[in-house]
Asker: 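I'd like to ask you about the structure that follows.
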There are 4 protein chains.
Amino acid sequence: MPKVTDEHRAARRQQILMATLRCVAVEGLHRTTMADVIRESGLSAGAVYGYFKSKNDLILAIAEFGLALMDTELRGLAKDGNVPSPDEVTRQLTRAIVRQAESQEIDITKVVIAVWAEAVRDEGVRAIVSERIRTLRDSYAGLVSAQQAAGLVDPDADPLHVTQVMVGMLPGFILQRLVLQDVDPEGYADGLAALRR
Amino acid sequence: MPKVTDEHRAARRQQILMATLRCVAVEGLHRTTMADVIRESGLSAGAVYGYFKSKNDLILAIAEFGLALMDTELRGLAKDGNVPSPDEVTRQLTRAIVRQAESQEIDITKVVIAVWAEAVRDEGVRAIVSERIRTLRDSYAGLVSAQQAAGLVDPDADPLHVTQVMVGMLPGFILQRLVLQDVDPEGYADGLAALRR
Amino acid sequence: MPKVTDEHRAARRQQILMATLRCVAVEGLHRTTMADVIRESGLSAGAVYGYFKSKNDLILAIAEFGLALMDTELRGLAKDGNVPSPDEVTRQLTRAIVRQAESQEIDITKVVIAVWAEAVRDEGVRAIVSERIRTLRDSYAGLVSAQQAAGLVDPDADPLHVTQVMVGMLPGFILQRLVLQDVDPEGYADGLAALRR
Amino acid sequence: MPKVTDEHRAARRQQILMATLRCVAVEGLHRTTMADVIRESGLSAGAVYGYFKSKNDLILAIAEFGLALMDTELRGLAKDGNVPSPDEVTRQLTRAIVRQAESQEIDITKVVIAVWAEAVRDEGVRAIVSERIRTLRDSYAGLVSAQQAAGLVDPDADPLHVTQVMVGMLPGFILQRLVLQDVDPEGYADGLAALRR
DNA sequence: GATGAATGAGTGTTCATTCAT
DNA sequence: CATGAATGAACACTCATTCAT
């Protein structure tokens with residue numbers, strides 16, 4: 001079945017990627033074997049290797065995909081005319097995370113934590129995670145200026161530092177949600193609000 | 001002479017544990033092989049298996065040890081008579097993390113992230129991580145009451161929520177520090193302080 | 001238009017064969033993959049399999065072609081009226097080998113050695129190599145009679161034995177040339193001449 | 001069963017080596033799989049890899065061993081007081097080859113041809129083959145001087161060239177013996193003798 | 001007790017070949 | 001016919017664990 005359309009190729013890649021995400025969410029990055037991916041994808045070994053030339057390639061694709069999902073969700077926030085307070089932003093973001101995690105068959109946040117761990121020791125994955133975190137911060141940056149102008153955030157503060165904490169609150173939310181299962185967006189946002197007075 | 005033997009046993013366990021931490025910090029949990037641990041510890045395979053009956057056992061011990069190190073450091077904070085602001089607490093905690101990470105031959109925070117990832121899929125590790133996070137929150141709890149009394153935190157807020165955010169800011173600090181290497185305790189604390197205006 | 005088609009077919013076969021020779025000279029028989037041949041030939045997998053029904057078929061064709069090249073070169077020798085001495089024959093033959101090896105883009109002698117090794121274990125290849133060596137000996141046979149008549153070779157000797165040694169000197173030349181790179185036709189012929197004093 | 005004697009280790013290596021030789025004589029170098037070697041040696045995969053760290057390692061050992069067997073046989077020749085003629089030397093050497101090939105359960109000359117083919121494309125094997133051929137030539141060198149002094153070989157000839165042809169006659173003997181099965185030491189030596197008058 | 005050689009199921013990956021388009 | 005995506009058995013190699021000494 002040669003000379004296949006680009007859409008077909010893209011669909012196959014997606015098929016493999018989704019199969020891998022399903023495996024990784026359950027087994028983690030390293031306990032997911034290529035045999036798992038092959039079985040789960042319903043393709044043959046050769047087919048999978050036709051789309052991803054190694055397991056590492058697949059991990060990089062997973063990393064990109066997993067973090068991209070988180071990211072897209074956050075873009076909409078700055079769109080509105082009004083300026084949300086930091087706790088309001090956190091509420092929206094954690095809500096988005098929970099929605100993502102629960103909407104799919106798989107909990108993407110499990111994949112994301114696996115990717116963080118891999119980023120510590122694999123340069124390629126680290127580059128991807130770095131880029132994603134930076135993008136996230138940049139998405140915030142404009143919002144922070146508006147918040148400073150509106151008196152919601154100390155106007156003398158370095159916006160970078162503000163984005164670092166704001167982004168920095170999300171991993172802890174994800175981790176506590178998965179491990180202790182006792183955090184939720186409302187409580188987490190309230191907790192931050194409480195710190196502000 | 002059981003006393004001496006017990007001490008000997010404890011020393012051997014520690015020796016193996018430290019060897020494992022060294023390996024895990026560099027290679028991660030799953031790329032660290034028992035052969036690595038055996039070589040690094042300077043013991044024989046049989047000896048290592050005499051102290052830890054499986055690799056999973058060793059991982060559990062690693063998880064316990066890695067998170068315990070973080071915890072002990074934080075206890076001292078509540079000891080002082082004065083009541084530190086939330087950002088001051090964050091400053092102290094992140095400083096403690098950096099101190100820990102840089103004081104040892106190995107960066108313990110790398111091990112910690114590996115442990116988080118494992119907690120997602122291994123019930124045993126998850127139980128340990130849960131317990132540690134809860135302990136950390138409990139250590140905070142008293143402090144939060146004091147901060148509420150002192151007007152540093154909204155007295156109407158649920159203390160649990162406050163401890164959730166306060167603890168929740170640390171994983172993001174650790175992650176950004178390892179991956180982007182552009183965060184430091186002072187900036188991070190300043191960022192939080194800025195949110196409180 | 002069957003004529004054109006046949007020529008076309010022959011050209012395609014040649015194209016695939018040359019591509020294979022190029023691969024085999026570099027990688028050897030077994031490290032040359034069909035994918036290599038396909039890529040090098042510029043054809044599709046299906047096309048290559050249209051001309052050679054298996055890799056083994058291709059190997060047989062390689063064997064035939066590689067040894068044929070050596071053979072054609074040697075025919076001209078007996079043509080001349082004068083009777084060359086054994087060392088003179090060796091000089092001409094080794095010169096022919098070197099010329100062949102250096103004239104083409106690929107060193108055909110590398111392919112020849114690979115074919116010898118395959119002949120040891122594959123009956124089909126062995127049959128081809130057998131036939132080629134026999135042909136080579138036959139080409140010599142007439143010459144030997146002439147040399148015996150001319151007193152250049154012991155007239156009482158069995159011509160078969162003489163052709164066996166004469167042919168037998170060539171593999172050693174090829175091997176030493178490829179591996180040690182310190183033999184040349186002149187020295188080799190001189191060496192044989194020295195034995196005849 | 002730890003702390004095993006050196007003899008035990010050497011015996012195990014030999015056991016694996018002999019198993020490999022048996023496989024290579026039948027299947028060639030590349031069709032011999034590690035699974036073949038493992039089965040034939042009667043050991044486990046891990047055990048084999050404990051003695052040879054890769055298949056390539058094993059191939060190098062095979063090359064060394066296979067050619068060494070040929071070599072040892074040839075040393076005794078120069079020992080005798082009398083000076084053998086070149087054809088006599090060839091008779092002895094080819095006899096030694098046949099004896100070696102037939103004395104063992106496996107025909108070592110089949111392995112040797114496989115090694116030649118590998119030497120063309122693997123630098124490590126080539127180094128070993130080079131060294132062996134050089135050693136063989138050196139073993140001859142003394143003999144050639146004696147033959148030149150005794151008038152059996154042209155005294156003006158370069159001894160190197162003489163050793164090149166003398167060594168060069170052996171591959172052709174081995175090859176014709178395996179492929180055509182119609183050469184024997186007596187005929188081959190007679191063929192060379194015939195060239196000398 | 002301590003040792004480390006041995007095990008063997010399992011790992012990521014390749015590749016000759018087929019066949020739907 | 002020609003194409004090249006797909007197949008899946010096989011490959012070289014690893015590694016947690018055991019147990020004879």
Side-chain angles (χ1 to χ4, degrees), chain A residues 1-5 8-9 12 16 30-39 41-59, chain B residues 5 8-9 12 30-39 42-59, chain C residues 5 8-9 12 30-39 42-59, chain D residues 1-5 8-9 12 16 30-39 41-59:
Chain A
M1 54 204 68
K3 221 66 203 172
V4 116
T5 60
H8 180 261
R9 279 199 67 81
R12 275 273 195 266
I16 295 166
H30 290 284
R31 282 181 110 97
T32 292
T33 67
M34 289 306 282
D36 291 339
V37 172
I38 288 157
R39 187 187 342 94
S41 69
L43 296 172
S44 67
V48 170
Y49 276 88
Y51 290 93
F52 297 92
K53 71 177 215 294
S54 70
K55 185 179 179 181
N56 205 60
D57 237 50
L58 202 40
I59 289 177
Chain B
T5 300
H8 180 77
R9 279 196 66 83
R12 276 275 196 264
H30 290 282
R31 282 180 109 99
T32 292
T33 69
M34 289 305 281
D36 290 339
V37 171
I38 288 157
R39 187 185 344 92
L43 297 174
S44 68
V48 170
Y49 274 87
Y51 291 94
F52 298 91
K53 73 174 216 293
S54 69
K55 186 179 179 181
N56 205 60
D57 242 48
L58 203 40
I59 290 177
Chain C
T5 299
H8 180 76
R9 279 195 67 82
R12 275 276 195 264
H30 291 283
R31 283 179 109 99
T32 292
T33 69
M34 289 305 282
D36 290 339
V37 171
I38 288 158
R39 187 185 345 92
L43 298 174
S44 69
V48 170
Y49 274 86
Y51 291 94
F52 298 92
K53 73 174 217 293
S54 70
K55 185 179 178 181
N56 204 61
D57 241 49
L58 203 40
I59 289 177
Chain D
M1 53 204 67
K3 221 65 203 171
V4 117
T5 60
H8 181 263
R9 279 199 67 82
R12 274 274 196 268
I16 295 165
H30 290 284
R31 281 182 112 97
T32 293
T33 68
M34 288 307 281
D36 291 338
V37 171
I38 287 156
R39 188 186 342 93
S41 69
L43 296 173
S44 66
V48 170
Y49 277 89
Y51 289 92
F52 297 92
K53 72 177 214 295
S54 69
K55 185 179 178 182
N56 205 61
D57 238 49
L58 202 40
I59 289 177

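All chains are named by letter (A, B, ...) in the order of the sequence lines, taking the proteins before the strands, and each is independently numbered beginning at 1.
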Asker: When every nucleotide of nucleotides 8-14 of chain F is labelled 5' to 3' by its protein contacts under 4.0 Å (heavy atoms), B for base, S for sugar-phosphate only, - for none, what sequence of letters results?
Answerer: BB-SSBB
Asker: Mind checking side-chain hydrogen bond (donor to acceptor under 3.5 Å, both in side chains) for D/R31 and listing every partner two or more places apart, or none if nothing turns up?
Answerer: none
Asker: With a 4.0 Å cutoff (strictly under), does any side-chain N or O of C/R12 reach OP1 or OP2 of F/dA2?
Answerer: no
Asker: Quick one: pull up CZ in B/R12 and CG in B/L43 and give me the separation to the nearest 0.5 Å.
Answerer: 5.0 Å
Asker: Roughly, in whole Å, what's the span from NE2 in D/H8 to P in F/dT21?
Answerer: 10 Å
Asker: State which residues pass side chain to side chain contact (heavy atoms under 4.5 Å, CB included) with C/R39; sequence neighbours excluded, sorted by chain then number.
Answerer: C/D36
Asker: Pairs counted as Watson-Crick or G-U wobble with both distances under 3.5 Å: what dot-bracket string results for DNA chain E, using | for bases tied to another strand?
Answerer: .||||||||||||||||||||
Asker: To the nearest Å, give me how far apart CZ (B/R9) and P (E/dA2) are.
Answerer: 8 Å
Asker: Could you state the atom-to-atom distance from CZ of C/F52 to P of E/dT18 in whole Å?
Answerer: 16 Å
Asker: Can you list the residues that meet the side chain to side chain contact (heavy atoms under 4.5 Å, CB included) rule with B/A45, with sequence neighbours excluded?
Answerer: B/I38
Asker: Return the value, rounded to whole Å, for the distance between atom CG of B/D57 and atom P of F/dA16.
Answerer: 14 Å
Asker: Donor-acceptor pairs under 3.5 Å, side chain of residues 48-56 of chain D to any protein atom, not counting sequence neighbours: which ones?
Answerer:
{"from": "D/S54", "atom 1": "OG", "to": "D/N56", "atom 2": "N", "distance (Å)": "3.3"}
{"from": "D/S54", "atom 1": "OG", "to": "D/D57", "atom 2": "N", "distance (Å)": "3.1"}
{"from": "D/K55", "atom 1": "NZ", "to": "D/T32", "atom 2": "O", "distance (Å)": "2.8"}

